[in-house]
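Just so we're on the same page: letters track the sequence lines, and every chain starts at 1.
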Protein chains: 2
Amino acid sequence: MNLKFLETFIWVARLKSFSLAAERLNTTQAAVSHRIATLERELGIRLFERDSRDVRLTPLGIDAREHAERIVRLAADFRRRMINPASLTGTVRIGVIDTVVYSWLPTLIERVREAYPDVVLELNAAITPEISEDILDGRLDLGLMNGPVDAPGLVNRQLCTFACQWVASPALAVPDGPLEIEDVARFPILSFPTSSSRHGSVVGYFQRSGIENIRLHTASLATLIRLTTDGVGLAAIPTVTIEREIASGALRILPVRTEFPAISLYAMYLEMEDRPLPPLIAQMAADCATAFCASRDPADAW
Amino acid sequence: MNLKFLETFIWVARLKSFSLAAERLNTTQAAVSHRIATLERELGIRLFERDSRDVRLTPLGIDAREHAERIVRLAADFRRRMINPASLTGTVRIGVIDTVVYSWLPTLIERVREAYPDVVLELNAAITPEISEDILDGRLDLGLMNGPVDAPGLVNRQLCTFACQWVASPALAVPDGPLEIEDVARFPILSFPTSSSRHGSVVGYFQRSGIENIRLHTASLATLIRLTTDGVGLAAIPTVTIEREIASGALRILPVRTEFPAISLYAMYLEMEDRPLPPLIAQMAADCATAFCASRDPADAW
DNA sequence: GGTCTCGAGGAACTTCAGGTTCACCGGAGG
DNA sequence: CCTCCGGTGAACCTGAAGTTCCTCGAGACC
């Protein structure tokens, strides 16, 4: 019995397909078929019921899966704990959303450099749905993004939550004092890229209050901030990412009654026997996020 | 990472020697060296401190050993639970002491035949020290004997305890009524083979009462029973092994004040990744022993 | 009904991890 | 100083596992 075989078994069970599991494990479908057949022969039991339609676990297989997952998890844990950080090498491809870039990402990069001097980070700023797809398709190793995302085998690790506030340039003619959501909707709204999860929050925010006709502009966070400081409109942004603009007076927080929902950041990766780094870096990210929140107003970040 | 490598690591840690571990694992010392080196390279840490004197675990190695044992145990457990009994084949070499032969061994053989039809049992009756040595040297797979025995990697599983009573032939001129230990010592004493653990009990029994000069004869249990029924002397024997002789009146139990110590039976085997049968048969032996005790006077067997 | 597609399984060949053999080395001990 | 003992390193070998390619069976679609 072999850990790789158990891992293969788990992936076939998760994805209910030999060929998808093969793809995920970077091997051929025949190899997966062979591994499962070997396991079944070794144990003398049938793990999967196959027909041309799909692949299902047998009752014994369901049992076996639980055991197998425990063993593989324990083995991964062993590696993670025992491995010497200095000996880790290679490249980790990380997908990040802008919110992370503008909060604790620099700290994380610094800490990774210190802890794993021979590890190269390849950072890709993108939006959550793109990142999660890239992780599932093996183009990225780790995502730092909105969550959680539910997909077979995807580990979601919560990092922190950031409060969002409506902000505007002081130059913009926004009345002083408490604002209703309708007051906000009179201005152009600057939102995140159309297919991003954050864009959905903005649209949902107004829909819940029955407001339909809003003027929406979309852009990435950096551009958003720039446009907002330029007085193009209002934006709901995690306050921790615009500390400088608020301090300098380039942006001011608007006291809107209907609170904009906070966003939760997650680290995500596929648990793989031969890739110890993603969970380790996810752990560091959690540490960085916690440290970051501790140094901020608990109303803004927790 | 590979379960076989972890198992090798554990054995080197247990035996504190590469070559002994190699012997135990039926491979060459170079292979063991290679496996450890691979593990150490993979983890980037040193697991053992070697010098010409001996092999010791490093502090990190001590940590690793605990994790490794947990993983290997879980994997063995997985096999044991999932494996289809009907698919098990091969020969299991079992060492048994006579007490087991004369109590529940036939039941065990029957049950094994039913549960594992393709498994061949090779039985060897011997005394405890011989059996345990044969297990440690790989000449036997399982022992059913006195215990416990403490040796690295040896699993001791308690099965049952049998009370021992002094018995004699009614033909022998043993006075009726309660006997003192000194009364017993006046007769020739029939004991177990000199190097057996049971022989030690007999000698110790008299020594504790300060009795030195006893006439001792030694033989295996079967011969012992025969000699005792023939009136050669007295013997302290597990009552459950001489039920027939007592029922027929060939032997009678002597009411000796100083109780002879009961004996505990254990199943013993070396936990090995690729040998699922010994623990399974040990489990069946425990079941047989429990059933056997349940059908006897709880004062005789428990 | 023919045929197209999709996924599992099987056969033959290839690859490489891991094993074996053997020479070497360093310390202990006569 | 020599020898023994036990671990290491290197070269070569073996076999388990992987790859490639083919077959097969079951829908799905025309």
Q: Kindly point out which of D/dT8, C/dG18, C/dG9 is positioned nearest to the side chain of B/Q29?
A: D/dT8
Q | The single option from A/L277, A/T91, A/V92 passing side chain to side chain contact (heavy atoms under 4.5 Å, CB included) against A/L121 | A | A/V92
Q.
From C-beta outward on A/A30, which listed nucleotide comes closest to its side chain: C/dG19, D/dG7, D/dT19?
A. D/dT19
Q: Scan side-chain atoms only and decide if B/Q283 and B/R80 contain a donor-acceptor pair under the 3.5 Å cut-off.
A: no
Q | Between A/H199 and A/S191, a side-chain donor and acceptor under 3.5 Å | A | yes
Q: Find the distance B/R24:CZ to D/dG6:P and express it as a whole number of Å.
A: 15 Å
Q | Nearest-neighbour nucleotide for the B/S33 side chain, D/dG7, C/dA8, D/dG18 considered | A | D/dG7
Q) Within this structure, what is the CZ-to-P distance between A/F18 and C/dA8, rounded to whole angstrom? A) 6 Å
Q: Would you name the heavy atoms of B/A282 and B/Y269 that are closest together and state the gap between them?
A: CB-CE2, 3.7 Å
**Q.** Proximal nucleotide (of D/dG7, C/dG19, D/dG18) relative to the A/T27 side chain
**A.** D/dG18
Q: Measure from CG on B/L25 to P on C/dG18 and round the result to the nearest Å.
A: 15 Å
Q | For B/P276 against B/I83, the heavy-atom pair lying closest together | A | CG-CD1, 4.2 Å
Q: Please state how far atom NE2 in A/H34 lies from atom C1' in C/dA12, giving the value in whole angstrom units.
A: 13 Å
(Q) Under 4.0 Å, heavy atoms only, any strand: does B/S17 hit a base, just the sugar-phosphate, or nothing? (A) sugar-phosphate
Q) Separation of B/F9 atom CZ from C/dG18 atom P, in whole Å? A) 17 Å
(Q) So if I take every side-chain heavy atom of B/S19 and compare against C/dA8, C/dG18, D/dG7, which nucleotide ends up nearest? (A) D/dG7
Q. Whole-Å distance between C/dA8 P and A/K16 NZ?
A. 13 Å
Q. Which nucleotide in the list D/dG7, D/dT20, D/dA17 gets nearest to the side chain of A/T28?
A. D/dT20
Q. Has B/K4 got a side-chain N or O lying under 4.0 Å from the OP1 or OP2 atom of C/dG19?
A. yes
Q) Under 4.0 Å between a side-chain N or O of B/N2 and OP1 or OP2 of C/dG18? A) yes
Q: Report yes if at least one side-chain N or O of A/R35 is closer than 4.0 Å to OP1 or OP2 of D/dA16; otherwise report no.
A: no
Q) What is the distance, rounded to the nearest whole Å, between atom CG of A/L39 and atom P of C/dA8? A) 16 Å
Q. Within this structure, what is the CG-to-P distance between B/N26 and C/dG19, rounded to whole angstrom?
A. 13 Å
Q.
Categorize B/T38 for me: base, sugar-phosphate, or nothing, with a 4.0 angstrom heavy-atom threshold over every strand shown.
A. nothing
